[in-house]
There are 2 protein chains.
Amino acid sequence: MAFTTLNEVAKEAGCSANTVSRYINKKGYISMDAAEKIQKAIEKLNYYPSINARAMKKYSSNIISVIIPSIKNDFYVEIIREAENKLKEYGYNVMIFETRSDADKEKYILELSISHRVDGIIMSSISNLSDKLLNTITNINRIPLVLMEILHEGVDCDYIYMQNEYGAMILTEHLIKIHDKKRIGLILPLLENNVSIQRFEGYKKALEKNGIKYDDNLVVFCEINKANGYKHTVELLKDKNPDAIFTSNTIFGTGAIKAFDEMKVKYPKDISFVTFDEYDINTLFHPYITSLHRVDKKFGILAADLVIEQILKKRNNPKKIEIDLSLNIGESCGCK
Amino acid sequence: MAFTTLNEVAKEAGCSANTVSRYINKKGYISMDAAEKIQKAIEKLNYYPSINARAMKKYSSNIISVIIPSIKNDFYVEIIREAENKLKEYGYNVMIFETRSDADKEKYILELSISHRVDGIIMSSISNLSDKLLNTITNINRIPLVLMEILHEGVDCDYIYMQNEYGAMILTEHLIKIHDKKRIGLILPLLENNVSIQRFEGYKKALEKNGIKYDDNLVVFCEINKANGYKHTVELLKDKNPDAIFTSNTIFGTGAIKAFDEMKVKYPKDISFVTFDEYDINTLFHPYITSLHRVDKKFGILAADLVIEQILKKRNNPKKIEIDLSLNIGESCGCK
DNA sequence: CTGTTAGCGCATTCAA
DNA sequence: TTGAATGCGCTAACAG
């Protein structure tokens with residue numbers, strides 16, 4: 001591989017490297033004549049500045065890490081896009097990473113981000129497994145950090161978080177109070193996932209408030225994939241006689257839809273169906289699927305604003321922003 | 001921000017920076033004693049090597065750029081994941097970029113990749129707008145390059161490409177020959193997109209071969225988004241009396257599904273419906289949607305192998321790998 | 001307005 | 001087995 005350097009451009013333009021640098025960074029004054037020659041040299045030699053060298057010199061990479069569980073999830077993709085657009089306004093580039101909800105990969109990506117000397121990290125971490133490393137990042141390395149979705153006790157940084165427990169509760173309660181459901185099947189990610197724990201708590205709270213005994217036959221914990229959503233919906237329908245199904249995310253939700261389709265179980269006629277997250281697919285075709293609405297959906301923009309604030313204003317008193325949830329009534333629960 | 005350096009680790013461990021470097025890179029011999037002290041120092045000081053400094057020294061960043069039109073598209077997401085897994089086997093990290101099919105962004109990302117001194121680029125570029133830059137990359141900078149989806153005449157690098165024209169032809173011909181359709185509505189991306197051109201050609205060829213006159217009222221070119229898929233399906237249905245709809249990608253496809261749903265047009269009863277790409281959503285619920293099957297679906301792995309070959313074996317005779325397409329019959333066209 | 005100098009953090013010579 | 005010296009490409013300080 002072969003790359004032109006600043007020095008080569010300088011030589012070609014008949015000036016010093018410093019002048020070229022100032023031209024590129026638009027710092028200080030440069031004569032028209034020099035500017036022209038430099039521009040020509042840059043084009044002639046196909047010069048592209050080395051980000052590595054620049055980052056070393058400036059103690060700043062101009063990169064923000066955006067780390068999410070999955071890019072196969074519209075919710076997170078929107079966050080990335082919003083954050084990227086916002087950050088670009090301030091001249092930052094984004095490195096996109098997905099953890100696949102894997103603790104080792106999460107750790108690897110965080111360490112990689114430190115090694116890249118990124119100027120900030122926006123992350124959706126749904127377990128506590130990286131908390132120690134996150135503490136190093138924010139306290140020792142002092143990299144501006146924004147965590148999304150849930151609070152990590154003991155990691156003192158900016159947060160944008162949802163009321164997962166409350167959300168699961170109102171969704172469950174809707175099924176109980178409005179549609180008189182008593183046997184609500186729930187499909188959840190494994191409990192090492194804190195979001196899962198919170199949604200599980202919300203479900204149980206709704207039952208308790210409404211005098212329904214918790215039946216652990218109706219609750220399934222499994223790895224997040226469509227196949228599991230399908231499989232466990234089939235099993236619930238076959239063996240557990242549920243009068244409703246509540247999937248904790250859209251991946252499980254699509255598995256459930258497939259199961260309903262194959263078993264010729266129609267919602268809401270034969271069973272009520274609700275899912276936590278609000279996605280495109282929920283209203284792709286009728287019956288529309290009941291879910292929860294994030295009152296402020298701009299996680300990505302909010303997160304970007306928080307990092308930028310930390311960087312530019314050197315703010316270091318952490319902020320916590322709570323995202324409200326409300327019912328997003330469709331037809332799948334039995335309404336309309 | 002504050003980061004520990006190799007020198008600080010060396011001081012803490014009571015040895016030279018060189019020894020620490022050799023320890024980290026597992027190169028050359030090191031006494032057990034030294035190794036232990038160094039490891040302790042690394043942990044105590046939270047040392048994470050600077051990728052920037054390393055890249056400068058080694059003329060190699062260990063990064064491969066994977067550039068795709070959209071991360072909101074399962075086809076590309078799979079490519080990313082496959083490539084990432086494969087590349088990690090060889091010790092490479094991946095930088096993920098999406099161009100949103102925007103020529104300026106495409107150029108920006110390519111230049112950014114050069115500036116990062118990436119060790120290779122895997123890209124799906126569906127226009128010819130960056131061909132000049134791609135030539136610089138492969139001929140001047142000599143960065144290993146693999147292009148996906150379509151051939152770019154004049155860019156001499158590795159390719160993994162599909163028979164877009166053939167695919168559109170057999171899909172159209174299926175509608176004509178098997179289901180006796182004569183007025184097939186087609187929704188395509190704008191023609192600056194080469195994939196679009198090829199699929200359009202395939203459509204026309206199928207009509208011609210079967211003695212059907214081309215009617216440009218039935219063909220729509222528009223920007224790729226769901227709203228356009230919806231809008232143009234509605235318009236076709238209302239005004240153009242089509243007996244089939246062919247959407248050129250899944251984004252348009254979901255828009256079409258929404259339009260069918262709202263207008264209470266049932267496929268395949270009222271109209272035939274086919275879409276080019278094979279996605280999860282096609283078989284999420286019945287009727288399953290007829291599409292094209294990529295005989296070798298591992299674009300990502302193939303691409304990673306090609307870059308690795310270029311890097312490790314210093315291969316520079318370009319390879320072209322063609323991906324075959326075959327009909328993937330569902331029910332939406334009218335077949336059972 | 002421009003050039004000279006120094007040093008960012010690291011890996012790679014070469015000596016010892 | 002280890003240390004000292006060097007330089008990757010760039011920008012910031014300082015001189016001129």
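Throughout, a chain's letter reflects where its sequence line sits, starting with A, and its residues are numbered from 1.
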Only distances under 3.5 Å count here; give the side-chain donor-acceptor pairs of residues 83-93 of chain B to other protein atoms, sequence neighbours excluded, each with its distance to 0.1 Å.
unit_1	atom_1	unit_2	atom_2	d
B:Glu84	OE2	A:Lys105	NZ	2.9
B:Asn85	ND2	B:Arg81	O	3.3
B:Asn93	OD1	A:Tyr108	OH	2.5

Quiz prompt | Between the first and last five pairs of the helix from C:dC1-D:dG16 to C:dA16-D:dT1, the angle of the axes, rounded to 10 degrees | solution = 40°
Quiz prompt | By salt bridge (charged side-chain N to carboxylate O under 4.0 Å, His left out) - contacts of B:Lys319 (at least two apart) | solution = B:Glu309
Quiz item: Ion pair present between B:Glu78 and B:Lys298, side-chain N to carboxylate O less than 4.0 angstrom?
Solution: no
Practice problem: Go through the structure and list residues passing side-chain hydrogen bond (donor to acceptor under 3.5 Å, both in side chains) with A:Asp305, not counting sequence neighbours. | Solution: none
Self-check item: Residues forming a salt bridge (charged side-chain N to carboxylate O under 4.0 Å, His left out) with B:Arg142, sequence neighbours excluded
Solution: none
Quiz item: How is A:Leu6 classified with respect to the nucleic acid when contacts are heavy atoms under 4.0 Å: base, sugar-phosphate, or nothing?
Solution: base
Quiz item: What pairs of residues pass the salt bridge (charged side-chain N to carboxylate O under 4.0 Å, His left out) test when at least one of them lies in residues 111-138 of chain B, not counting sequence neighbours?
Solution: B:Lys107-B:Glu111
Practice problem: For the pair A:Arg100 and A:Glu106, find out whether any cationic side-chain nitrogen is under 4.0 Å from an anionic carboxylate oxygen. | Solution: no
Self-check item: Exam field: side chain B:Gln310 to backbone B:Pro144, donor-acceptor pair closer than 3.5 Å
Solution: no
Practice problem: Pull out every residue in residues 41-56 of chain A that has a heavy atom closer than 4.0 Å to any atom of DNA chain D, ordered by number, or say none. | Solution: A:Tyr47, A:Pro49, A:Ser50, A:Ala53, A:Arg54
Quiz item: Taking OH from B:Tyr23 and P from D:dT2, how many angstroms apart are they, rounded to a whole number?
Solution: 13 Å
What protein N or O atoms touch nucleotides 3-6 of chain D N or O atoms at under 3.5 angstrom, if any, and at what distances?
unit_1	atom_1	unit_2	atom_2	d
D:dG3	OP2	B:Ser16	N	2.8
D:dG3	OP2	B:Ser16	OG	2.9
D:dG3	OP2	B:Thr19	OG1	2.5
D:dG3	O6	B:Asn18	ND2	3.3
D:dA4	N6	B:Asn18	ND2	2.4

Quiz item: For atom CD of B:Glu322, is the number of surrounding heavy atoms from other residues, nucleotides or ligands below 6.0 Å larger than 12?
Solution: yes
Quiz item: Judged by modelled atom types alone, do A:Asn141 and B:Asn46 share a side-chain donor-acceptor pair under 3.5 Å?
Solution: no
Quiz item: Mind checking what makes side-chain contact (heavy atoms from CB on, under 4.5 Å) contact with B:Ala35, not counting sequence neighbours?
Solution: B:Tyr23, B:Ile30
Quiz item: First and last nucleotide of DNA chain C in contact with chain B, 5' to 3', at under 4.0 Å to a heavy atom: what are they?
Solution: C:dG9 to C:dT13
Quiz item: Excluding sequence neighbours, so at least two apart, what forms side-chain contact (heavy atoms from CB on, under 4.5 Å) with B:Leu151?
Solution: B:Tyr159, B:Tyr161, B:Lys320
Quiz item: How would you list all residue pairs meeting salt bridge (charged side-chain N to carboxylate O under 4.0 Å, His left out) that involve residues 16-26 of chain A, not counting sequence neighbours?
Solution: none
Practice problem: Classify the nucleic acid contact of A:Tyr59 as base, sugar-phosphate or nothing, counting any heavy atom under 4.0 Å across all strands shown. | Solution: sugar-phosphate
Practice problem: Starting from the 5' end of DNA chain D, give me the residue, B:Ser31 or B:Arg117, whose nearest nucleotide shows up first. | Solution: B:Ser31
Quiz item: Which comes earlier along DNA chain C counting from the 5' end, the contact point of B:Lys27 or that of B:Phe3, where each point is its nearest nucleotide?
Solution: B:Phe3
